[in-house]
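Take a look at the structure below.
Given the structure is predicted, the values throughout are model-derived calculations rather than measurements. Only heavy atoms go into these numbers, but all of them, side chains included; no hydrogens, no water, no symmetry mates. When a ligand or atom number is given, it counts from 1 through the structure's own listing order.
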Amino acid sequence: MTQTESVPAVNDTPLVPIEKIVALCKRRGFVYPNSEIYGGVAGIYDFGPLGVEFRNNIRRYWWWSMVQTHDNVVGIEGANITHPRVWEASGHVENFVDRLVDCKKCKRRWRVDHLPPENLEQNKCPNCGGELTEPRKFNLLMETYLGVVEGDRMKTYLRGEACQNIYLDYDNVLKSSRMQIPFGICQIGKAYRNEVTPGNFLFRQREFEQWDLQFFVHPSEMQKWFDYWKAYRFEWYKSIINHKDRLHFREHGPDELAHYAKQAFDIEYRTVLDWQEWEGIHWRQDWDLSRHSQYSGQDLSYSDPATGERYIPWIVETSGGVDRTFLNLLLDAYEEEPDPAGKEPRTVLHLHPMLAPVKVAVFPLQKNKEELVSTAKGIHKHLQRLMVSQYDDIGNIGRRYRRQDEIGTPYCVTVDFQSLEDQTVTVRERDKMTQERIAIDALPMYLLDRVTWK
Ligand code: GAP
């Protein structure tokens, strides 16, 4: 499936409450609250056995489409801790702040930029109508310390945005690879923010993961590349969701631009949380390399080998969240379908097959028939080398289908008595619930063709 082909649209369904996803994630081992036995930590989560498979698939697809399939893009993996001066140069020490107000009556705390305009104007709490305090500034950078000897310890920060490593490594990449401008550097990595109002499950966390492309261009080509990556990223998201009409662009107004951006568009997705940012496309211009040149004393200008022209490259940034992708894809894929037989509804995740955590489940029709069991286990063992496969012989076939539907497994294979005679199996597809008979020999290619990207 190419990037622009996509999963078939499913009937439009109501927006899914976040609580349904939280419950499914806990029940089936996608996501757990961090340090739960100690009462948990707001805005920090761990990923379980299915969550880690899903996450890896999401990351791999991004890497494949951004790095592997572009001759002019390479990847790096930077550390979470950097020299503290980085955050002065980047502007985060000074500008990475939320302005907060407290209600004098009910004591609730609000981000000024999240207050409804009428409450802002009248200085009134949206909860109880009480008077609000004067705004105070809170820096979002998470502090940490290097060194063990008191007095010699150096204060620094866990990275507030992952992309800073890309600017720090830009010159090394240029010198150690054969890249020439225009070219890009990609990275997937953790970022940390002391969010004052973490919440809505994975949507706003304190530790989360970002994927970034920083694309370095000659200033005269900025508009061309900005348009290219903006369109490319939009199509990328469109290719992995069912509800295409829930995706759009929103341009930032002048008062909401980040300190580094001259122009910005958010790719937004609509959920029960309304339209919210999924990824930002930023026109960072020469902000980052100029500031790091100035603060480090290293000349980060580029000399064009063909013309000899020397200039500070401008940067197009595409910056999205792995966790927000994780959450949005589950919200997009979740459906409770009524059962025509009037029993429990079928809960199904219509995930793109290439992103689903488990690709195939293999069942013997009956678990007390040795030949069916050994044939099914043999098929499972073979498939396991090629993709994530599960063997299941608990309960009846209908229950097994339900268990796999709920985690988005696109194909279920059943070994029945006919299999023992003609070496074929039944393959059942998740969304349409259609069944096909496939030769056991042909099964690996049949599945690979449908669950891997190309
Ligand atoms: N380097 C640019 C940058 O960091 P950003 O808009 O602050 O830009 C980029 O972050 C993406 O990271 C967002 O579009 C969102 O998907 C994700 N993100 C930001 N803050 C987040 C948080 N607190 N929790 C989860 N994801 C977050």
Side-chain angles (χ1 to χ4, degrees), residues 18 31 34 41-45 47 55 58-59 62 78 80 82 86-87 89-92 95-98 111 113-114 138-142 157-168 184-215 229-230 233-234 236-237 240 247-252 256-269 271 273 275-285 287-289 291-292 315-331:
I18 301 264
V31 184
N34 173 273
V41 183
I44 304 197
Y45 290 91
F47 293 87
R55 226 172 140 73
I58 295 172
R59 288 196 197 103
W62 184 88
N80 289 346
T82 56
V86 170
W87 302 99
S90 70
H92 283 76
N95 298 311
F96 199 38
V97 287
D98 272 346
R111 263 175 68 168
D113 59 338
H114 287 177
F138 285 85
N139 194 291
L140 302 190
L141 285 175
M142 251 188 221
Y157 306 95
L158 299 178
R159 58 186 179 184
E161 57 171 7
C163 64
Q164 287 298 324
N165 295 75
I166 297 182
Y167 316 131
L168 303 176
I185 304 180
C186 275
Q187 182 187 227
I188 300 178
K190 292 277 188 181
Y192 301 83
R193 294 181 187 175
N194 248 327
E195 295 281 0
V196 194
T197 51
N200 290 319
F201 195 36
L202 305 180
F203 184 78
R204 194 173 306 285
Q205 298 172 85
R206 289 177 163 144
E207 172 178 321
F208 56 98
E209 197 163 45
Q210 294 185 309
W211 46 45
D212 287 294
L213 161 76
Q214 306 293 322
F215 199 76
W229 286 111
K230 185 172 154 239
R233 293 303 299 148
F234 192 81
W236 191 87
Y237 284 109
I240 53 173
L247 198 71
H248 75 189
F249 276 120
R250 190 181 68 81
E251 185 169 12
H252 282 211
E256 57 176 331
L257 285 171
H259 60 273
Y260 48 73
K262 299 276 181 300
Q263 214 192 110
F265 286 83
D266 284 345
I267 296 176
E268 290 190 331
Y269 181 73
T271 67
L273 305 175
W275 289 100
Q276 295 289 351
E277 173 184 351
W278 192 344
E279 170 155 321
I281 318 294
H282 302 134
W283 178 298
R284 292 185 80 122
Q285 204 152 311
W287 165 267
D288 305 281
L289 293 182
R291 292 276 289 199
H292 284 302
I315 293 176
V316 179
E317 171 183 72
T318 71
S319 181
V322 177
D323 308 87
R324 228 170 253 191
T325 304
F326 191 111
L327 175 62
N328 284 349
L329 289 181
L330 292 181
L331 286 166

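For Asp323 (side chain) and Glu209 (main-chain N/O), a donor-acceptor pair under 3.5 Å exists by modelled atom type. One N or O on the side chain of Gln210 and one on the backbone of Ala162 form a donor-acceptor pair closer than 3.5 Å. The closest donor-acceptor contact from the side chain of Asn139 to the backbone of His92 lies under 3.5 Å. Looking at Arg324, its side chain does come within 3.5 Å of a backbone N or O of Glu277 through a donor-acceptor pair. Remark: side-chain polar atoms of Glu268 are not paired, donor with acceptor, to backbone N or O of Arg250 under 3.5 angstrom.
The ring-ring contact (aromatic ring centres under 6.0 Å, His included) test with Phe249 is passed by exactly one of Phe234, Trp275, Tyr237: Phe234.
Near Glu277, the atoms of ligand 1 lying under 4.0 angstrom from a non-hydrogen atom of the residue are 6 (O), 13 (C), 14 (O). Remark: ligand 1 atoms within the under-4.0 Å shell around heavy atoms of Glu317 are 1 (N), 2 (C). Close contacts between ligand 1 and Arg204 involve ligand atoms 22 (C), 23 (N), 24 (N) [criterion: under 4.0 Å to a heavy atom]. Near Arg284, the atoms of ligand 1 lying under 4.0 angstrom from a non-hydrogen atom of the residue are 1 (N), 2 (C). Each of the atoms 1 (N), 2 (C), 3 (C), 4 (O) of ligand 1 lies under 4.0 Å from some heavy atom of Glu161. Residue contact check: Tyr260 has heavy atoms under 4.0 Å from atoms 2 (C), 3 (C), 8 (O) of ligand 1. The atoms of ligand 1 that sit less than 4.0 Å from any heavy atom of Cys163 are 1 (N).
Among protein heavy atoms, atom 24 (N) of ligand 1 sits closest to Gln205 N, 2.9 Å. Here the heavy atom of the protein found nearest to atom 18 (N) of ligand 1 is Phe208 CE1, 3.5 Å. Ranking protein heavy atoms by distance to atom 12 (O) of ligand 1, first place goes to Gln210 NE2, 3.3 Å. Atom 16 (O) of ligand 1 has as its closest protein heavy atom Trp278 O, 2.9 Å. Arg193 NH1, 2.9 Å is the protein heavy atom nearest to atom 7 (O) of ligand 1.
Classification of the Trp211-Trp62 ring pair by plane angle, with boundaries at 30° and 60°, yields parallel.
Here's the thing with His282: none of its N/O atoms is less than 3.5 angstrom from an N/O atom of ligand 1. Checking only distances, Phe203 does come within under 3.5 Å of ligand 1, N or O to N or O. Every N/O-N/O distance between Asp323 and ligand 1 stays at or above 3.5 Å.
Within the set Pro198, Ser319, Gly321, the minimum heavy-atom distance to atom 9 (C) of ligand 1 is found for Ser319.
By the side chain to side chain donor-acceptor pair (under 3.5 Å) test, Tyr45 pairs with no residue at all, sequence neighbours left out.
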Under the side-chain contact (heavy atoms from CB on, under 4.5 Å) rule, what do Asp266 and Trp278 come out as? Steps first, then yes or no, please.
CA-CA 7 Å; Asp266 284 345; Trp278 192 344; over 6 Å; no
Working note: Gln164 + Arg159, criterion side-chain contact (heavy atoms from CB on, under 4.5 Å); need CA distance, chi angles, decisive distance, verdict.
CA-CA 8 Å; Gln164 287 298 324; Arg159 58 186 179 184; 5.9 Å; no
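Considering every non-hydrogen atom in both Val322 and Arg59, the closest pair reads CG1-CG, 4.4 Å.
In this structure, Leu202 counts as a contact residue of ligand 1, since one of its heavy atoms falls inside 4.0 Å of the ligand.
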